[in-house]
> 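Mind having a look at this structure? Questions to follow.
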Amino acid sequence: MIRINSHYQKLQASYLFADIARRVAAFQARNPQQSLIRLGIGDVTQPLPAACIAALHKATDEMANASSFRGYGPEQGYDFLREAIAAYDFRARGAQVDADEIFVSDGAKSDTGNIQEIFAQDVRVAIPDPVYPVYVDTNVMAGRTEAAQDGRYPGFVYLDSTAANGYVPALPSEPVDLIYLCFPNNPTGATATRAQLAAWVEYARQNRALILFDAAYEAFIRDPDIPHSIYEIPGAREVAIEFRSFSKTAGFTGLRCAYTVVPKECMAWDDSGQAVPLHALWTRRHTTKFNGVSYPVQRAAEAVYSPEGQQQVHALVDGYLANARTIRSAFESMGFACTGGVNAPYVWIDTQRDAWEFFDLLLTRAGVVCTPGIGFGRCGQQHVRISAFNSAAQVEQALQRITRALS
Ligand SMILES: *Cc1c(COP(=O)(O)O)cnc(C)c1O
């Protein structure tokens, strides 16, 4: 008899996006004339930079000729891309990362989801709340928790991000082994200072723990004092793996390219207490279960680092950041406490009431769709996330409608 992985039955069905879709559809049916503006999405809306498109076309033509055709490439990615990443994303910022420590992949979702399988079943996992749900669900699937109770999984150590701590969680009061951190944060838009990251690195070093640092929104950082990489913190190479993606940086959500950094000094321990380099384990995992990102897509990612690519990506992100600033200041002038919206494409609004009630208010009175914070964890129960991923005109119009509806 073929049986299932019963840990899957512990997963809480994610009603969030289905619930949003149902409420939106019901509203549209009642109000067919009302145009809707969607500020709920965590997906980019603007087209790929011209430099990436040109590189894609060129690489596609290469694939059409026997002399320049490429079949299987290295699973970890082509050297041209790994070298460009090491030089521009790390060495240029004073962080030491070598090209052979970079694993190119099809997404930070897959990487942040897959990484947990190289760790022991009984590691204690620290999960921020609110959180990108991938970290939670993949550890539940792997059997590291009991079934959920009141929306939380016994077995995780939750790290609350609230107004009281500025949405940057404090160090845990009980021991943990694996720590997920995401800055700039989805959903809160909060960023971590150098001192805050240094405290986490120090914690990991003291406790032989490991930090999984998701920097998918790194390109949105404009404040020169905020670190872009965990490796800007001394000592982080021994205790941190970093995830990056071209998705939000360069509009690659539909093209698919990301990478993970596993420094050679990064260790975990085996059953006999022997230190094992995680670089070797992840190499084994990645080369066994993944066969590389397509050649044209890696050429498109490489083009992000060309002078034109850099200028175009910067302009793209600047557009979203301008939207984010406008959203935040509009809500602040209506008296709401907000975080994010600077150095991040999301604004996290303290609504002072139930998140779904506020969602319905924006939908029915302004025709604007946001994301209720409760979908990201218990700490989001009176927050909503507003996304800057839309055109300036749509954002402007949405804010006019909201201001009118709430005043
Ligand atoms: C969007 C996002 C990613 C990137 O996912 P891809 O699979 O690379 O598109 C990773 N982490 C967070 C928190 C995100 O919001």
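Since this is a predicted model, take the numbers as computed values, not measurements. Counting convention: from 1, in listed order, for ligands and their atoms alike.
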> Can you tell me which residue and heavy atom of the protein come closest to atom 11 (N) of ligand 1, and the distance to 0.1 Å?
Asp214 OD2, 2.7 Å
> How far is atom 1 (C) of ligand 1 from its nearest protein heavy atom, and which residue and atom name does that atom have?
Lys248 NZ, 1.2 Å
> With a heavy-atom distance limit of 4.0 Å, tell me whether Ala108 approaches ligand 1 through its side chain, its backbone, both, or neither.
both
> Taking non-hydrogen atoms only, is Phe252 closer than 4.0 angstrom to ligand 1 via side chain, backbone, both or neither?
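Near ligand 1, Phe252 shows nothing, with every heavy atom at 4.0 Å or more.
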> Side-chain donor-acceptor pair under 3.5 Å between Arg284 and Thr288, yes or no?
yes
> Tell me whether the centres of the aromatic rings in Phe336 and Phe358 are closer together than 6.0 Å.
yes
> N/O to N/O below 3.5 Å, does that happen between Ser110 and ligand 1?
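So ligand 1 has no N or O lying under 3.5 Å from an N or O of Ser110.
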> Just to be sure I'm reading this right: ignoring hydrogens, which of Tyr132, Phe243, Tyr217 gets closest to atom 15 (O) of ligand 1? Compare them by their nearest heavy atoms.
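Shortest heavy-atom distance from atom 15 (O) of ligand 1: Tyr217.
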> I'd like to check which ligand 1 atoms, numbered from 1 as shown, lie under 4.0 Å from a non-hydrogen atom of Ser245.
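Those atoms are 4 (C), 6 (P), 8 (O).
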> Of Leu281, Leu278, Leu210, Ile241, which is the lone residue that meets side-chain contact (heavy atoms from CB on, under 4.5 Å) with Ile115?
Ile241
> For atom 9 (O) of ligand 1, state which one of Ser247, Cys182, Pro133, Ser105 supplies the nearest heavy atom.
Ser247
> Considering only NZ, NE, NH1 and NH2 on the basic side and carboxylate oxygens on the acidic side, decide whether Glu174 and Arg124 come within less than 4.0 Å.
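Salt bridge between Glu174 and Arg124, a charged N being under 4.0 Å from a carboxylate O: no.
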> Mark up the atoms of ligand 1 that fall under 4.0 Å of a heavy atom belonging to Lys109, in ascending order.
5 (O), 6 (P), 7 (O)
> Would you say Thr193 and Gln196 are linked by a side-chain donor-acceptor pair, where the criterion is simply a distance under 3.5 Å?
yes
> Among Lys264, Gln76, Arg82, find the one that has a side-chain hydrogen bond (donor to acceptor under 3.5 Å, both in side chains) with Asp100.
Lys264
> Are any of the N/O atoms in Arg256 less than 3.5 Å from those in ligand 1?
yes
> Does a donor on one side chain and an acceptor on the other come within less than 3.5 Å for Tyr305 and Asp89?
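Looking only at side-chain atoms, Asp89 and Tyr305 do form a donor-acceptor pair, the distance falling under 3.5 Å.
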